[in-house]
Amino acid sequence: MSETGPMSEMILCVNDLQVEFPVRDGIITAVRGVDLMVAPGEIIGLVGESGSGKSVFAKALMRILPEPGRICGGSVTFRGENIATMSGENLRALRGDRIAMIFQDPMATLNPVMRIDAQMIEAIRAHHRVSKSKARARCLEALQKVGIPSPEERLRAYPHQLSGGMRQRVAIATALLNKPDLILADEATTALDVTIQAQILYEARKLCEETNTALVWVSHDLAVVSGIADRIAVMYAGRIVEDGPTADVISNPKHPYTRGLIQSVPEECDHGKALHQIPGLMPTPANLPKGCAFAPRCEHADNICLLQDPLVSFDGRQSYRCHNPLNAAQVQEMSS
Amino acid sequence: MSNAAQPAQRLAFKDTPLGHFVADFSANPIAVIGFVGVLLVVFIAIFAPWIAPQNPYDLMQLDFMDGNLEPGAQTALGFTFHLGSDNQGRDILSAIMYGLRTSLSIGAASAFIALIIGATVGLISAWFGGRTDTIIMRIVEVQMSFPAVLIALVLLAVLGQGTEKIMFALVAVQWAYYARTIRGLALVEKNREYIDAARCLRYSQTRIIFGHLLPNCMPPLIVIVTMQVAHAIALESTLSFLGIGVPITEPSLGLLIANGFHFMQSGRYWLSIFPGLALVFTIVSINLVGDHMRDILNPRTRGQ
Amino acid sequence: MSEDVLLSVKNLSKTFSKPLGLGDKFANLMGAGRKPETVRAVDDLSFDLRPGEALGLVGESGCGKSTVARLIMGLLSQTSGQIEYRNTPTSQMSAHDLLKIQMVFQDPYSSLNPRMRIGDQIREAINVHNIVPKAERDAYMASIFEQCGIDDSLTKRYPHQFSGGQRQRFGIARALAMQPDLVICDEPVAALDVSIQAQIINLFMDLRKQKNLAYLFISHDLSVVRHLCDRVAVMYLGRIVEQGPVDQVLDNPRHPYTQALKASSPKISTGKRNFEPIRGEIPSPLDPPSGCHFHPRCPKANEQCLREMPKPQRLSETMSISCHLAT
């Protein structure tokens, strides 16, 4: 799935990544071989429902998996170095400097008993030798960039004195401090109101374009992702089932699951009509069906789907894992 | 609309909340050891009259000639005093078994009665809030600001001796602790949506409090009851040791220790040491079980 | 009052106040005149709901929409105003009559009793209120489960054994078993995944058709309300700012807040969306702005908006709006 040239140009290159969780009665494989390429300055939207493994995948990229999770295969190459096998020291130098992460709950990154300026200055000085006053000036600049009004005042505040939206902005400003090459955002706006979400999406995209920072935006909400991303990757049961430029994935989905997701969202024209629904539930990693994981819920599934796991196909624009990819006629039927 | 349909399965025991608990509990060897200890103690307490070598309080069975024998000594009739005998020729092993029976029944019964009183008061306090809550909690705080032993001592000094009186004293010092604990639990549960849902279904307050609120406060409460039983046994032993506990006709472990205490200096260690060990064994076993139940039931130490 | 109004809410207000601390009370004794902190969570709210109608109540967090639900259900008592069900104030209705109003909660994880088998929770409600004669109860439960798409064999399980979507079906089944005419739905799909959300929305629509249910559907999601409801009321800081048929309000919003809400709502698009989102945060309800609550964020606000609170004005038979600038 390399439509954008050789690997050396990629900022992040994930190859066949696998993550497993040893539990009492066996091993649960949460991520089952994920490939993902991120070019510098590119915004990738990673969409999946709960249980798809998208959060585990994002955490594995930063090697911050919750216990007892571990990477058991594949590689994560960031600027030519493999994160999956990197030493703790190199990893620490990378995190918060070249790669930054934004979580759903900004309090996961903010220290409740430290003032905002103290934590932000620390974030700079952990990686660079800068004077305190210089660092503070950079913090101020970062807060202004994410659209925080009266940033001087906010710098002196404690996290609990800020609203949820403000805290998330501070978390984003902190992530931007060291001008990282890559930001991972895991459900960063899920807990926020729509008007605040719109502001944050707007700022995030503007900043990435200005600084040429790559962004992996992980979310359950296809609508949010489609508004911000250059490329969309859809995750299902621990795998990326479709990956391609936003316009292609939305208007011409190849995988029936992607189409199902698009149709599940109520649209303006179909008021009062029954929504298209994907029957059933996503299988848990502990009991995956044989063959294609989506087959039991898929209306196009045939015998091959039930028996054989589909490999990745690539049609020049999108890559997908499906034996019976949708053709244009089937997609047409969806919009009518 | 068959989307909720999963393959129909029989509900296995391991999927019930109790099943989870049993599985988690048995995974911990120390907890299992404690549990076996508790089972042993309870078994001895219940069946003491049938398994004890003699009835230590039937004077017909005692022989002064067998007095003050060392552990392991044998009489001419072939009766072995495994843990020795006291000056009246009473078998210490049998006395411990009967003492355990008294100690455990007083401890368990008082903890249970205190639970019923404390739980009711605590639930009412949490549910109604406001002034009711303030008054009840002030009483509880006053009571808990005095050491339990002191309150029990005063009560027993006023009431006099007797099994039912020591139980009354133990209940009196314990209920406040339950009331405060269950109030805290109920205040959290009260604000959960299933309680709102029950109110929307227009259930009576009694039904909501005792049918929905109480069962959800139960798991931590069971832990506390377990620990309180151990606490009550220790407290009863303390009082008996001080000579104001159970009457001399039904000695508990505490009274046995007190009785033997005078003879420690004369070398007859077994009179106090063995009842003491039995007491320690009982309390440690119960606490081990309680500790591990708390770890399992505590949502913070237990991963989802 | 016309005959065909099911639920009528008139000038409903709810004020929460934090009691004064001891220090403040003492200061008052010395003549400080400190007032308790108050929040007007719901401020002079009026709307009607006809039988079989679905009204959406839309707004962001802290706008008081959930408080409205709790007031109607009697889980909270109002500071002032009236809630009437079929022309009787709900405060004067018997417990049995109140069963006609039921509620579906947001969080399917905490709205079911975790220590009770799922079937027992629904059976209990039927038994306590004697909804159907004893002999018919099993058949009645089976029919309710079938309508809600629940497999009969699963009812002996505990809530934690189900996914969010399945639990929400049980929440709906429990409400439905009481044979309500009106169901208050407080963000019932907000906690669910998109594909599951579609299943539950379809269920709500089917049930409404079958049973002629009226819904008060509370949501932050315009597209869900747009899909499910006939009319919509948009709330901002405790007040309704715009009210009317969904196609008019959401396709052609008149109030600047509704316009901003619509522009901010994520929509599936094939390319990046370019728009300048409205500025500012939702103000703290503890200290709401003067005049029109929305004026600090409103791009068109003028002097009048700053001073005067706009009164709801009728634009047509069905539309009303609270804005000085709407004409």
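No hydrogens, no waters, no symmetry mates; every other heavy atom, side chains included, goes into these values. Just so we're on the same page: letters track the sequence lines, and every chain starts at 1.
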Participant: For the atom pair CE (C:Met205) and CG (A:Leu275), what is the distance rounded to the nearest 0.5 Å?
Facilitator: 5.0 Å
Participant: Could you list all the ring-ring contact (aromatic ring centres under 6.0 Å, His included) pairs where at least one residue sits in residues 204-227 of chain A, not counting sequence neighbours?
Facilitator: none
Participant: For the residue pair C:Val194 and A:Leu222, establish whether any side-chain heavy-atom pair is separated by less than 4.5 Å.
Facilitator: no
Participant: Just how far is it from atom CD of C:Glu281 to atom CZ of A:Arg169, taken to the nearest 0.5 Å?
Facilitator: 6.0 Å
Participant: Suppose we screen for side-chain hydrogen bond (donor to acceptor under 3.5 Å, both in side chains). Which residues come up paired with A:Thr189, at least two apart in sequence or across chains?
Facilitator: A:Gln197
Participant: Using non-hydrogen atoms and a 4.5 Å limit, figure out which bit of A:Met282 sits close to chain C: side chain, backbone, both or neither.
Facilitator: neither
Participant: Examine whether an atom of C:Arg208 lies under 4.5 Å from a heavy atom of chain A, and if so say whether it belongs to the side chain, the backbone or both; otherwise answer neither.
Facilitator: neither
Participant: Going by atom types only, do A:Thr195 and C:Glu60 share a side-chain donor-acceptor pair under 3.5 Å?
Facilitator: yes
Participant: Is a donor on one side and an acceptor on the other found under 3.5 Å between the side chain of A:Ser226 and the backbone of C:Ser269?
Facilitator: yes
Participant: Which residue is it: A:Leu192, A:Asp193, A:Ile196? I am looking for the one with a side-chain contact (heavy atoms from CB on, under 4.5 Å) to C:Ser61.
Facilitator: A:Asp193
Participant: Return the set of residues passing side chain to side chain contact (heavy atoms under 4.5 Å, CB included) with A:Thr258 (not counting sequence neighbours), or none when no residue passes.
Facilitator: A:Val234, A:Glu242, A:Val249, A:Pro253, A:His255, A:Ile262
Participant: Quick check: does any side chain N or O of A:Gln277 sit under 3.5 Å from a backbone N or O of C:Asn202, one acting as donor and the other as acceptor?
Facilitator: no
Participant: Among C:Ile268, C:Asp247, C:Ile282, C:Val246, which residue has the highest count of heavy-atom pairs closer than 4.5 Å to chain A?
Facilitator: C:Ile268
Participant: Is there side-chain contact between A:Leu281 and C:Gln166, with heavy atoms separated by less than 4.5 Å?
Facilitator: yes
Participant: Does the side chain of C:Pro266 come within less than 4.5 Å of A:Val194's, by heavy atoms?
Facilitator: yes
Participant: Side chains of A:Glu49 and C:Ser195: any donor to acceptor distance under 3.5 Å?
Facilitator: yes
Participant: Donor-acceptor pair, C:Asp193 side chain versus A:Ser50 backbone, under 3.5 Å?
Facilitator: yes
Participant: What part of C:Ile196 is in contact with chain A, defined as an atom under 4.5 angstrom from a non-hydrogen atom: side chain, backbone, both or neither?
Facilitator: both
Participant: For chain A, find its close neighbours in residues 228-238 of chain C: heavy-atom separation under 4.5 Å, sorted by number, or none.
Facilitator: C:Cys229
Participant: Taking atom CD as the centre, does A:Gln161 end up with more than 12 heavy-atom neighbours from other residues, nucleotides or ligands that are less than 6.0 angstrom away?
Facilitator: yes
